[in-house]
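Here is the structure we will look at.
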Amino acid sequence: MGREEHERLEVVDNQGKEKNKKNNEVFAKYFSNSITKIIIAIIVIAVLAVVLLNVFKKEEPVKEVITVSTLEKIVEVSDLSTFRVVYNGVACADDKYYVSYEATVDAGIDFEAIEITVDNEAKKVTVDLPEAEILDVYVDIASLDYIFIDKKANTETVSEEAYKLCKYDVKVESENQEAIIDLAQQNAENIVTALVQPFVDQVDPEYEIVIE
């Protein structure tokens with residue numbers, strides 16, 4: 001092999017090495033860029049996954065609990081009339097006159113006096129109602145009709161006096177009528193049950209409601 005041939009082979013060899021070196025550099029650069037892109041893609045996917053989970057994650061509903069304060073708010077009504085009756089009566093003003101009248105009687109309970117206890121272990125709600133009473137009476141002053149025993153009692157102030165007499169008379173009469181109080185009490189029990197039962201059933205239908 002001659003010198004020229006040897007030199008030509010060295011040149012070719014050197015050119016091959018340079019080419020391989022460039023190929024390696026290109027491959028290393030490409031490989032490095034690919035790894036970087038893959039890492040960035042993984043990070044982006046992870047971030048998106050966390051965001052989507054937070055967006056679509058359903059919060060676990062907070063379980064309601066039957067408490068005295070909640071039930072008290074439900075029945076928070078003061079002096080609710082639970083029974084109304086129209087009353088016709090006759091009052092006597094000593095020996096001066098008789099007066100007939102029409103009146104409306106409202107009976108019920110003081111809802112602010114209701115006492116509620118909750119036994120969560122026994123799953124029992126106890127509602128202690130106050131006794132029903134006559135809350136108010138309304139006398140229709142236009143309905144007053146007189147029969148005078150003493151003509152002198154027919155004065156300008158007789159209507160005011162007779163109105164007060166009729167209010168007192170209907171209050172006493174209605175308080176002595178047990179049926180009015182009994183019906184007002186029964187209606188109060190029904191109203192409280194209607195107010196409390198739906199809430200209790202929604203939270204836990206196993207609870208028992210006792211009205212006393």
Side-chain angles (χ1 to χ4, degrees), residues 41-89 91 101-141 143 164 166-212:
I42 292 173
I43 293 173
V44 171
I45 292 172
V47 171
L48 286 174
V50 171
V51 172
L52 291 174
L53 281 174
N54 289 332
V55 170
F56 294 104
K57 182 181 179 181
K58 294 182 179 179
E59 294 185 1
E60 190 173 332
V62 179
K63 185 177 180 181
E64 286 188 275
V65 180
I66 299 174
T67 63
V68 172
S69 59
T70 302
L71 295 177
E72 285 177 342
K73 288 180 181 178
I74 292 175
V75 297
E76 198 173 55
V77 185
S78 179
D79 289 342
L80 178 66
S81 171
T82 58
F83 184 71
R84 173 172 287 185
V85 60
V86 176
Y87 187 83
N88 295 305
Y101 61 87
E102 292 180 2
T104 302
V105 179
D106 279 344
I109 65 171
D110 180 0
F111 273 57
E112 291 185 350
I114 292 175
E115 295 183 359
I116 300 174
T117 56
V118 177
D119 188 339
N120 289 313
E121 290 186 2
K123 291 194 173 185
K124 181 179 180 181
V125 175
T126 303
V127 183
D128 189 4
L129 300 182
E131 292 186 4
E133 59 185 349
I134 302 300
L135 298 176
D136 210 345
V137 295
Y138 306 88
V139 174
D140 182 4
I141 195 169
S143 70
K164 293 178 180 178
C166 291
K167 283 198 71 171
Y168 174 78
D169 184 72
V170 69
K171 192 172 190 302
V172 172
E173 288 293 327
S174 57
E175 285 177 344
N176 290 330
Q177 302 235 353
E178 293 184 2
I180 295 177
I181 302 299
D182 290 343
L183 286 170
Q185 190 74 31
Q186 184 60 54
N187 287 346
E189 293 179 9
N190 294 338
I191 290 171
V192 170
T193 301
L195 290 171
V196 174
Q197 190 79 56
F199 172 76
V200 173
D201 287 346
Q202 182 180 1
V203 176
D204 192 339
E206 293 184 4
Y207 271 73
E208 177 190 9
I209 299 176
V210 178
I211 308 293
E212 295 182 346

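Index from 1, following the sequence.
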**OP:** Kindly write out the residues that satisfy salt bridge (charged side-chain N to carboxylate O under 4.0 Å, His left out) with D169, not counting sequence neighbours, or none if the list is empty.
**Re:** none
Original post:
Which heavy-atom pair separates A91 from Y101 by the least distance, and what is that distance?
Top reply: N-CE2, 4.0 Å
Original post:
With sequence neighbours left out, what residues match E131 under side-chain hydrogen bond (donor to acceptor under 3.5 Å, both in side chains)?
Top reply: none
Between side-chain atoms of residues 205-212 and protein atoms elsewhere (two or more places apart, or another chain), which donor-acceptor pairs fall under 3.5 Å?
residue: E206; atom: OE1; partner: K123; partner atom: NZ; Å: 2.8
residue: Y207; atom: OH; partner: N120; partner atom: OD1; Å: 2.6

**OP:** To the nearest 0.5 angstrom, please state how far the NZ atom of K73 sits from the OG1 atom of T67.
**Re:** 8.0 Å
**OP:** Decide yes or no for Y138 and V170: does some side-chain heavy atom of the first lie under 4.5 Å from some side-chain heavy atom of the second?
**Re:** no
**OP:** Could you pull out the closest heavy-atom pair between K167 and V139, with the gap in Å?
**Re:** CG-CG2, 3.5 Å
Subject >> A107 to A184 - nearest heavy-atom pair and separation >> reply: CB-CB, 3.7 Å
Subject >> Residues forming a side-chain hydrogen bond (donor to acceptor under 3.5 Å, both in side chains) with T193, sequence neighbours excluded >> reply: none
Subject >> Counterpart residues, side chain to side chain contact (heavy atoms under 4.5 Å, CB included), relative to P130 (two or more places apart) >> reply: I109, A113, I114
**OP:** Measure across L71 and V200 and return the closest heavy-atom pair with its distance rounded to 0.1 Å.
**Re:** CD2-CG2, 4.3 Å
Original post:
Can you check whether I66's main-chain N or O pairs, donor with acceptor, with T70's side chain at less than 3.5 Å?
Top reply: no
Original post:
Which heavy-atom pair separates Q185 from A132 by the least distance, and what is that distance?
Top reply: OE1-N, 2.6 Å
**OP:** Could you grab the distance from atom CD of Q186 to atom CD1 of I191, nearest 0.5 Å is fine?
**Re:** 10.5 Å
Subject >> Nearest-0.5 Å distance that lies between atom CG in D110 and atom CG in L135 >> reply: 8.5 Å
List the atom pairs, donor and acceptor, that lie under 3.5 Å between side-chain atoms in residues 175-182 and the rest of the protein, sequence neighbours left out.
residue: E175; atom: OE2; partner: K171; partner atom: NZ; Å: 2.6
residue: N176; atom: ND2; partner: V172; partner atom: O; Å: 3.1

Original post:
In Å and rounded to the nearest 0.5 Å, what is the CZ to CG distance from F111 to L129?
Top reply: 7.0 Å
**OP:** Identify the heavy atoms of T82 and N187 that sit nearest to each other, and give their distance.
**Re:** O-ND2, 2.8 Å
